[in-house]
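The next block holds one structure in the form of structure tokens; read it before the comments.
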Amino acid sequence: MNIVIASGKGGTGKTMVSVNLAWSISQSHNVHLIDCDAEEPNVHLFFPGERSEQPVTAEVPEVDSEKCTLCGACGEFCRFGAISVLTKSVMIQPHLCHSCGGCQLACPVDAITEVPRKIGMIRQSSPSPSLTVISGILDEGEIAAPEVIKTAKKAGEWDGISVWDGPPGTACPVIETMDGADVCILVTESTPSGLADLKRAASLAKTLGIPRGIVINRSDGEDGPTLAFCKEENIPVIMMIPFDREIAAIHNRGAILSAEKKEWKEKFIQLYEDAIAIAGGNA
Amino acid sequence: MKTVAVMSGKGGTGKTMVAAGFAVFSQQRLLLADCDVDAANLSLLLKTSDTACRPFMGLDCASIDQSRCVGCGLCEAYCRFSAIDQGDDGVFQVNPLKCEGCAVCTLVCGEEAITISKRQSGEVCHSETPQGPLYHAELFSGSGTSGMLVFEVKKDALENKEKLPAFLIDGPPGIGCPVISAISGADAVVMVTEPGISALHDLQRLVTICRQFGVDMFLVLNKADLDKERAEDVKRYCAQEKIQMIGTIPFDPAVIAAARRGETIADTDTPAAISLKEAWKTLCTAMGIPQ
Amino acid sequence: MKVCITSKGDLPESAAENRFGRTPFFVIYDDETGKVIETINNASVNDASGVGPKVVQMLVSKGVNVVITGQVGGNANQGLLTAGIPAYAFGEAETVAEAYAAYKAGTLTRIV
């Protein structure tokens with residue numbers, strides 16, 4: 001059972017929902033919480049303590065200058081400008097490389113091999129015997145967030161329950177995160193921006209064929225347009241979190257709401273059960 | 001013309017509220033761009049008119065000519081992005097959501113059955129607003145390449161012939177390719193943050209990126225009184241990194257009310273609006289932008 | 001010596017183009033005769049990414065020795081440096097011919 005948390009708009013409370021959902025589930029089941037917001041990973045901040053780290057690498061070309069004839073085939077093939085054949089040498093710009101392997105295939109004299117280059121890391125910890133936290137963290141200055149996300153998801157792959165905390169937006173990192181999810185929980189807030197972005201994210205989940213449920217965060221009871229959208233699209237609203245300075249303060253200082261307030265633990269367990277029902281009932 | 005990008009690292013800290021406020025406070029018309037292309041909302045806050053859009057052709061994508069395909073499966077085997085699958089009917093198909101347009105499949109196909117062509121992935125738009133010309137975009141759902149779309153939005157904006165004193169960019173969250181695309185060429189970055197461990201962590205990552213670009217950095221602390229202890233952390237961090245704080249915006253229910261109405265806070269006479277106006281003045285003085 | 005100028009059109013009278021990688025045309029002068037010997041339609045102009053290095057490789061294959069343009073991006077900058085091709089900003093010059101004349105007069109600023 002893979003549950004992905006998405007939103008479209010940033011700052012609507014994806015990480016708060018992910019952390020509390022996973023923590024609450026972990027009170028009775030084993031669960032993997034995977035931070036797929038590789039550009040701005042924050043889940044680990046809620047679970048300080050001992051952890052292990054592993055690098056995430058991408059394959060980039062290396063040219064054997066003994067074998068290279070400067071024929072230019074690799075540079076002509078590369079559509080990303082990552083390898084260029086110049087007067088006396090071949091120039092590689094690793095940050096432009098998509099690791100497609102095409103230059104190696106194009107080289108007529110087998111002068112190109114691939115070498116790993118670090119683009120980020122996977123950080124893993126077990127805050128409790130039933131909870132494993134895995135974070136995909138993109139190195140600053142790197143752009144290949146989807147590769148880090150893919151590696152983080154792979155590191156946490158298993159037959160049990162996983163919660164994937166997604167990035168904002170609807171572009172490639174979000175697509176990579178949603179891929180393979182059984183249910184998508186969309187966290188929104190009742191503002192015109194929140195709704196506009198919710199529509200985008202809801203449409204993406206639909207394109208990918210993932211069943212959806214909605215959490216309205218910071219509700220002040222005036223959620224008319226959001227509720228109308230949910231009704232029109234036939235997406236169930238499975239949780240309402242009121243606007244409350246205390247909830248914001250608990251989260252902002254890095255504490256877990258469900259661990260401090262028993263009623264929220266129960267609400268998040270209910271959220272999990274509703275998510276399973278949306279996914280088709282198979283936990 | 002000075003280029004200022006409003007960024008944040010963490011999403012939802014108030015970038016668009018700040019950018020829209022700056023645009024309204026400016027006595028001069030500004031060149032405006034919403035570079036948060038996969039969650040574009042600046043046009044919701046400013047009064048837009050005369051919107052005109054052009055198609056955005058995104059990344060290249062492979063397509064297989066089924067009349068030539070012999071079903072050897074080499075393309076699937078060599079594709080590093082799992083973008084080619086054999087369907088239940090035995091037909092090899094390209095998944096455009098996964099294809100990066102690298103063309104390795106065209107290289108290994110012995111039948112010349114695969115070609116690469118551009119796909120429309122969104123629209124680049126121009127709208128008029130009372131605050132100046134606004135360039136924005138809409139990324140089609142399920143299209144990647146947002147970094148390139150940011151580049152296109154900025155490119156169209158910079159072709160505008162009106163003589164304007166500053167180019168104000170409402171940036172995307174994160175630190176990845178759309179962020180790098182948005183910061184590239186900017187003279188200054190205004191970072192909007194809030195008191196909280198996540199926002200501070202993301203701010204630090206954004207600062208690392210900004211340092212690589214050598215841009216001037218300014219900071220606006222939003223919802224400052226929501227958590228006094230965490231607000232002090234931000235202030236300490238700024239002092240340590242020598243980042244000038246140009247605004248401290250209190251948590252103000254009027255901001256939420258304005259957001260719900262889809263309005264900027266600039267027209268209101270509220271504590272948040274007053275702080276934001278001061279921030280704009282300070283920024284203009286520091287960057288030599290006529291107010 | 002071959003001197004290459006980025007241009008909006010394929011004539012010496014065309015306006016010089018500010019962008020290096022995404023310029024529509026390259027106009028190449030022979031430094032010895034002062035004549036235009038080739039104009040190249042930029043095939044990479046609409047490519048998604050990495051345009052700068054691709055253009056540098058193409059210019060290397062054409063034997064270009066000097067580039068005159070408006071601005072050079074980071075990736076192209078690295079390429080020109082590695083290839084040992086100096087680049088100059090055309091500054092106030094408006095047309096390709098003016099840019100070439102200014103280069104010959106030695107008034108252009110070197111940017112790479």
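Letters go in sequence order (proteins before strands), and every chain restarts at 1. Just so you know, these numbers come straight off a predicted model, no measurement behind them.
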So, do [X] and [Y] sit near enough that their side-chain heavy atoms are less than 4.5 Å apart?
X: B:Arg230; Y: A:Arg253; answer: yes
X: B:Lys98; Y: A:Asp179; answer: yes
X: A:Asp220; Y: B:Arg260; answer: yes

Calculate, to the nearest 0.5 Å, the distance between atoms [atom1] and [atom2] belonging to [X] and [Y] respectively.
X: A:Ile175; Y: B:Leu97; atom1: CD1; atom2: CG; answer: 5.0 Å
X: A:Asp197; Y: B:Asp38; atom1: CG; atom2: CG; answer: 8.5 Å
X: A:Arg200; Y: B:Leu139; atom1: CZ; atom2: CG; answer: 9.0 Å
X: A:Ser99; Y: B:Glu100; atom1: OG; atom2: CD; answer: 9.0 Å
X: B:Ile256; Y: A:Arg218; atom1: CD1; atom2: CZ; answer: 8.0 Å

Interface residue of largest heavy-atom contact number with chain B, from [options], under 4.5 Å:
options: A:Pro41, A:Ser7, A:Gly254, A:Cys103; value: A:Pro41
options: A:Ile143, A:Thr15, A:Val174, A:Leu208; value: A:Ile143
options: A:Cys78, A:Pro146, A:Ala249, A:Gly11; value: A:Gly11

If I measure from the heavy atoms of chain A, does [X] come under 4.5 Å with its side chain, its backbone, both, or neither?
X: B:Phe213; value: neither
X: B:Ile175; value: both
X: B:Ala40; value: both
X: B:Pro195; value: backbone

Please look at [X] and chain B and tell me whether the side chain, the backbone, both or neither of the residue comes under 4.5 angstrom of a heavy atom of that chain.
X: A:Leu195; answer: neither
X: A:Glu246; answer: neither
X: A:Pro167; answer: neither
X: A:Asp139; answer: backbone
X: A:His44; answer: side chain
X: A:Ala38; answer: backbone
X: A:Ser190; answer: both
X: A:Arg245; answer: side chain

| query | Checking A:His251 side chain against B:Gly196 main chain: does a donor-acceptor pair fall under 3.5 Å? | reply | no
| request: Could you tell me whether the side chain of B:Arg205 and the main chain of A:Leu138 form a donor-acceptor pair under 3.5 Å? | output: yes
| B:Glu138 vs A:Lys199, salt bridge (Lys or Arg N to Asp or Glu O under 4.0 Å): CA-CA, chis, key distance, verdict | CA-CA 13 Å; B:Glu138 189 66 42; A:Lys199 287 178 180 170; over 6 Å; no
| task | Given side chain to side chain contact (heavy atoms under 4.5 Å, CB included), test B:Asp202 with A:Asn42 step by step and report yes or no. | result | CA-CA 8 Å; B:Asp202 296 348; A:Asn42 292 323; 2.9 Å; yes
Atom of [X], atom of [Y] and distance for their closest heavy-atom approach:
X: A:Asn252; Y: B:Asp227; answer: CB-OD2, 4.1 Å
X: A:Ala196; Y: B:Leu44; answer: CB-CD1, 3.9 Å
X: B:Ala39; Y: A:Gly8; answer: CB-O, 4.2 Å
X: B:Ile209; Y: A:Gly141; answer: CD1-N, 3.0 Å
X: B:Gln212; Y: A:Glu140; answer: NE2-O, 3.9 Å
X: A:Phe46; Y: B:Ser198; answer: CE1-OG, 3.9 Å

| field | Residues which pass disulfide (SG to SG under 2.5 Å) with B:Cys53, listed by chain and number, not counting sequence neighbours | value | B:Cys125
| Salt-bridged, B:Arg80 to A:Glu114, with N to O below 4.0 Å? | yes
| SB check A:Arg79 B:Asp60 (cutoff 4.0 Å) | yes
| task | Tell me, yes or no, whether the heavy-atom count around A:Lys206 atom NZ, taken from other residues, nucleotides or ligands under 6.0 Å, exceeds 12. | result | no
| said: A quick test of your reading: do over 12 heavy atoms of other residues, nucleotides or ligands sit less than 6.0 Å from NZ of A:Lys118? | reply: yes
| task | With side chain to side chain contact (heavy atoms under 4.5 Å, CB included) as the test, would you mind laying out the steps for B:Tyr78 and A:Cys100 before giving the verdict? | result | CA-CA 9 Å; B:Tyr78 277 92; A:Cys100 71; over 6 Å; no
Top residue by heavy-atom pair count (under 4.5 Å) with chain A, among [options]?
options: B:Lys10, B:Lys15, B:His201; result: B:His201
options: B:Gly101, B:Cys79, B:Ser8; result: B:Gly101
options: B:Asp233, B:Ile116, B:Leu45; result: B:Ile116

